[in-house]
**Student:** 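The structure under discussion is supplied below as structure tokens; questions concerning it will follow.
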Amino acid sequence: SVSGCKDRTETPASAPNTEVQQELELTRAALEGGDVRGAIARAFALSEAHPDLVEARVLLSSAYVLDGKAIKALLEADKAIEAKPKLVGGWVARCAALQGQGRIEEAVEACQKALSIEANHGAALKNLAQLYGIQKKWREQGETLERLKSVDPDSSSVRIAVASNRAARG
């Protein structure tokens, strides 16, 4: 599965008050809890009420990806990137949206851009490793998984992916 932006370190500087912060947290919780439709409704309402709140657009993009609406997801990710080009979550969301459209090379570029902003961003590393697997670029996937393992050393899914990659490389 494609990782969206769940990074809580990206607190919205543009959020005018704690009510908006609470709504962002509720939206994120809905998304992480599998309530994709609820997350879309919340993120859409936030985006409409606060057009400059790029974090809501990133969440909306992530929810659209999970709902199979990759074109809408890309539009929202691009709006977030246009407003705040250094927001790593926007690039991760763009990567996921492009992957959802089968645009693998462009998705790799978006993930690489995210990692140029934040070198150890877990979701960007996870998505990039998955993309390299799709491309059968086993060496690059292995290097990316090793970086991800250093970010998340206790993850059994990362350890399994590393082992699978080693098997694929021979």
Side-chain angles (χ1 to χ4, degrees), residues 1-13 15 21-22 24-36 38-39 43 54-68 70 73-74 76-77 80-81 84-100 102-170:
S1 74
V2 175
S3 293
C5 174
K6 299 178 190 171
D7 189 354
R8 284 175 181 75
T9 61
E10 294 176 6
T11 52
Q21 286 285 358
Q22 283 179 317
L24 279 170
E25 284 302 316
L26 289 170
T27 303
R28 192 174 286 111
L31 188 60
E32 291 175 4
D35 180 10
V36 175
V54 294
E55 293 79 0
R57 294 206 180 276
V58 170
L59 287 170
L60 183 56
S61 177
S62 297
Y64 278 146
V65 166
L66 293 175
D67 199 37
L74 184 59
E76 293 301 327
I81 291 167
K84 199 170 178 183
K86 295 283 185 192
L87 182 69
V88 69
W91 290 99
V92 173
R94 179 176 171 75
C95 170
L98 288 164
Q99 182 177 353
R103 296 163 62 182
I104 304 304
E105 289 292 330
E106 291 172 89
V108 167
E109 290 172 15
C111 274
Q112 289 171 335
K113 178 64 178 175
L115 292 167
S116 76
I117 298 166
E118 186 180 323
N120 292 322
H121 192 276
L125 287 168
K126 183 178 176 185
N127 287 357
L128 186 58
Q130 186 177 36
L131 291 164
Y132 283 146
I134 291 167
Q135 294 176 316
K136 298 186 180 358
K137 292 184 176 180
W138 307 123
R139 184 183 54 78
E140 292 89 339
Q141 183 189 46
E143 291 168 359
T144 306
L145 286 169
E146 289 297 333
R147 285 175 62 193
L148 182 57
K149 194 167 93 173
S150 72
V151 171
D152 192 3
D154 298 325
S155 170
S156 60
S157 64
V158 172
R159 288 196 306 269
I160 290 167
V162 168
S164 296
N165 173 265
R166 286 184 183 140
R169 288 163 70 174

**Student:** How long is the straight-line distance from CG of Leu131 back to CD of Glu106, given to the nearest 0.5 Å?
**Tutor:**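 Going from the CD atom of Glu106 to the CG atom of Leu131 covers 11.5 Å.
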
**Student:** Please report the closest heavy-atom contact between Leu31 and Ala63, naming both atoms and the distance.
**Tutor:** CD1-CA, 3.6 Å

**Student:** If I take atom NE2 from residue His121 and atom CG from residue Leu115, how far apart are they, to the nearest 0.5 angstrom?
**Tutor:** 8.5 Å

**Student:** For a side chain to side chain contact (heavy atoms under 4.5 Å, CB included) with Leu87, tell me which candidate from Ile117, Ile81, Val54 qualifies.
**Tutor:**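 Only one of Ile117, Ile81, Val54 forms a side chain to side chain contact (heavy atoms under 4.5 Å, CB included) with Leu87, namely Val54.
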
**Student:** Indicate yes or no for a side-chain donor-acceptor contact from Arg94 to the backbone of Ala114 under 3.5 Å, with no hydrogens or angles considered.
**Tutor:** no

**Student:** For the backbone of Pro85 and the side chain of Trp91, can you confirm whether one donor and one acceptor N or O come within less than 3.5 Å of each other?
**Tutor:** yes

**Student:** Please test Ile160 against Ser164 for side-chain contact (heavy atoms from CB on, under 4.5 Å), starting from the C-alpha separation and ending with a verdict.
**Tutor:** CA-CA 6 Å; Ile160 290 167; Ser164 296; 4.3 Å; yes

**Student:** Shortest non-hydrogen contact from Leu128 to Cys111?
**Tutor:** N-SG, 3.8 Å

**Student:** Show the numbers, then the answer: is there a side-chain contact (heavy atoms from CB on, under 4.5 Å) between Val108 and Gln135?
**Tutor:** CA-CA 10 Å; Val108 167; Gln135 294 176 316; 3.8 Å; yes

**Student:** Which heavy atom of Val92 sits nearest a heavy atom of Ala123, and at what distance?
**Tutor:** CG1-CB, 3.9 Å

**Student:** Considering non-hydrogen atoms only, spot the tightest contact between Ala77 and Gly90 and give its length.
**Tutor:** CB-O, 3.8 Å

**Student:** Rounded to the nearest 0.5 Å, how far apart are CD of Glu143 and CG of Leu125?
**Tutor:** 12.0 Å

**Student:** So how far is it from Glu55 CD to Leu24 CG, rounded to the nearest 0.5 Å?
**Tutor:**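 So the CD of Glu55 and the CG of Leu24 are separated by 6.5 Å.
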
**Student:** Do you know which two heavy atoms are closest between Leu98 and Ala110, and how far apart they sit?
**Tutor:**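 Nearest heavy atoms, Leu98 then Ala110: CD1-CB, 4.3 Å.
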
**Student:** How many angstroms lie between atom CG of Leu148 and atom CD of Gln130, to the nearest 0.5 angstrom?
**Tutor:**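 It comes to 11.5 Å.
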
**Student:** Indicate the atoms forming the closest heavy-atom contact of Gln141 with Asn165, along with that distance.
**Tutor:**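 Smallest interatomic distance, heavy atoms only, reads OE1-ND2, 2.8 Å.
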
**Student:** What distance separates Thr144 OG1 from Arg139 CZ, expressed to the nearest 0.5 Å?
**Tutor:** 9.5 Å

